J.: 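Here you go, one structure.
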Amino acid sequence: MGVEGGMKCVKFLLFFFNFIFWICGLALIIVGILVQMALHNTFMIKDASASVAPLVVIGVGVVIFFIAFFGCCGAWRESYCMITTFSILLGLIIIVEIGAAIAGYIFRGKLTLIVQDSLTDIISNYNSTDDFRKAVDNLQENLRCCGVNSSADWKTFRPDGNSVPDSCCLNVTINCGIGALAVPTTLHQEGCQKALEDFLGKNIQWIIVAALVIAFLQIMGIVFACMLMRGIRSGYEVM
């Protein structure tokens with residue numbers, strides 16, 4: 001026979017919470033990967049510290065994914081040993097998540113410096129390599145921005161002083177950027193520094209919120225796990 005009464009309810013609540021943890025772990029992996037791709041595929045971020053928060057979140061997500069499965073098995077089998085191990089591992093994960101949230105918060109304060117450092121050479125080095133040119137074009141098209149501070153930053157792009165890369169155009173077509181500074185309404189007006197800061201700030205905020213919400217749910221999971229452990233140890237009937 002399994003645990004009865006209130007402990008049976010706790011058992012199923014713990015199983016349910018672990019299923020939520022499993023989904024949250026998967027969500028953390030996806031969010032971390034998306035932010036990491038945004039940092040290094042959309043543009044070449046030079047500061048390695050920018051990767052700390054998303055990499056930690058990805059790692060935590062992977063661990064949660066497997067620990068949640070372990071917790072589900074422990075709750076279903078009513079194994080005191082498995083539930084105890086689950087609680088300890090979950091407690092360690094909460095500590096790491098809090099650290100990731102702090103790292104993300106600190107990183108938000110460094111956004112301006114990191115973005116400035118990364119965008120410093122986009123004008124002068126635009127034609128240095130195909131990869132760099134593609135990275136800048138992707139940045140301007142995806143974030144709908146132009147130049148570092150505005151489209152005027154591209155005045156030295158061509159000898160005529162009136163042209164910008166085609167990726168600055170509202171409607172990108174071949175050679176649409178030639179002479180386009182004379183008709184600014186055809187170009188993205190926002191600079192890429194502000195656009196990139198806003199984009200990264202929004203994603204870092206989601207990472208912080210996700211980590212804190214999941215940490216709260218995990219604390220509830222530990223509470224239920226401890227209640228079930230106490231019930232099992234106190235001599236409730238077990239399957």
Side-chain angles (χ1 to χ4, degrees), residues 2-3 6-40 47-111 200-234 236 238-239:
V3 290
M7 286 300 105
K8 188 171 183 178
C9 179
V10 169
K11 169 185 170 178
F12 286 106
L13 280 173
L14 181 59
F15 184 86
F16 175 72
F17 265 85
N18 273 289
F19 179 71
I20 293 178
F21 296 156
W22 184 82
I23 294 176
C24 289
L26 185 61
L28 280 178
I29 294 172
I30 293 173
V31 170
I33 290 175
L34 289 176
V35 174
Q36 186 72 358
M37 289 174 62
L39 288 173
H40 295 281
D47 195 325
S49 66
S51 298
V52 173
L55 286 178
V56 170
V57 170
I58 291 172
V60 170
V62 171
V63 175
I64 289 176
F65 186 85
F66 289 104
I67 288 180
F69 179 77
F70 185 81
C72 284
C73 292
W76 191 258
R77 296 179 58 186
E78 299 174 11
S79 169
Y80 182 85
C81 180
M82 291 181 71
I83 296 173
T84 302
T85 303
F86 163 77
S87 299
I88 294 173
L89 293 176
L90 205 55
L92 294 175
I93 288 297
I94 291 174
I95 294 174
V96 174
E97 285 173 346
I98 293 174
I102 294 173
Y105 181 79
I106 293 174
F107 171 59
R108 288 187 69 195
K110 295 178 62 180
L111 271 180
L200 295 178
K202 181 179 179 181
N203 281 278
I204 293 300
Q205 181 179 356
W206 277 112
I207 286 182
I208 295 173
V209 171
L212 293 178
V213 169
I214 292 175
F216 172 76
L217 291 174
Q218 289 169 334
I219 291 173
M220 295 300 297
I222 291 178
V223 171
F224 287 131
C226 291
M227 291 174 65
L228 184 58
M229 287 161 53
R230 182 180 179 183
I232 295 171
R233 191 172 184 179
S234 298
Y236 278 86
V238 183
M239 287 183 179

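Position 1 is the first residue of the sequence; numbering continues from there. Values in this document were obtained by computation on a predicted structure and should not be read as measured data.
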J.: Looking at every non-hydrogen atom in both residues, tell me the closest pair between C72 and F19 and how far apart they are.
T.: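 So the minimum-distance heavy-atom pair works out to SG-N, 3.9 Å.
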J.: List in chain and number order the residues that pass side chain to side chain contact (heavy atoms under 4.5 Å, CB included) with C73, two or more places apart in sequence or in another chain; answer none if no residue qualifies.
T.: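 Partners of C73 by the side chain to side chain contact (heavy atoms under 4.5 Å, CB included) criterion, ordered by chain and then number, come out as F69, M82.
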J.: Holding to side chain to side chain contact (heavy atoms under 4.5 Å, CB included), I want the full list of residues that pass it with Y80, two or more places apart in sequence or in another chain.
T.: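 Side chain to side chain contact (heavy atoms under 4.5 Å, CB included) check on Y80 returns T84, M229, I232, R233.
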J.: Roughly how far, to the nearest 0.5 Å, is the CG atom of N18 from the CD1 atom of I83?
T.: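 Those atoms lie 9.0 Å apart.
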J.: Can you sort out the partners of L89 under side chain to side chain contact (heavy atoms under 4.5 Å, CB included), two or more places apart, ordered by chain and number?
T.: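 Side chain to side chain contact (heavy atoms under 4.5 Å, CB included) check on L89 returns I67, T85.
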J.: Can you find a pair of side-chain heavy atoms, one from I94 and one from I222, that are under 4.5 Å apart?
T.: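 Sidechains of I222 and I94: in contact.
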J.: Quick one: side chain to side chain contact (heavy atoms under 4.5 Å, CB included) partners of I20, sequence neighbours excluded?
T.: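 Scan of I20 (side chain to side chain contact (heavy atoms under 4.5 Å, CB included), adjacent residues dropped) gives F16, C24, L217.
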J.: Measuring from atom CD1 of I219 to atom CZ of F224, what distance do you get when rounded to the nearest 0.5 angstrom?
T.: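 Between I219 CD1 and F224 CZ, I get 13.0 Å after rounding to 0.5 Å.
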J.: Got a sec, which residues hit ring pair (Phe, Tyr, Trp, His ring centres under 6.0 Å) with F86, two or more places apart in sequence or on another chain?
T.: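 None.
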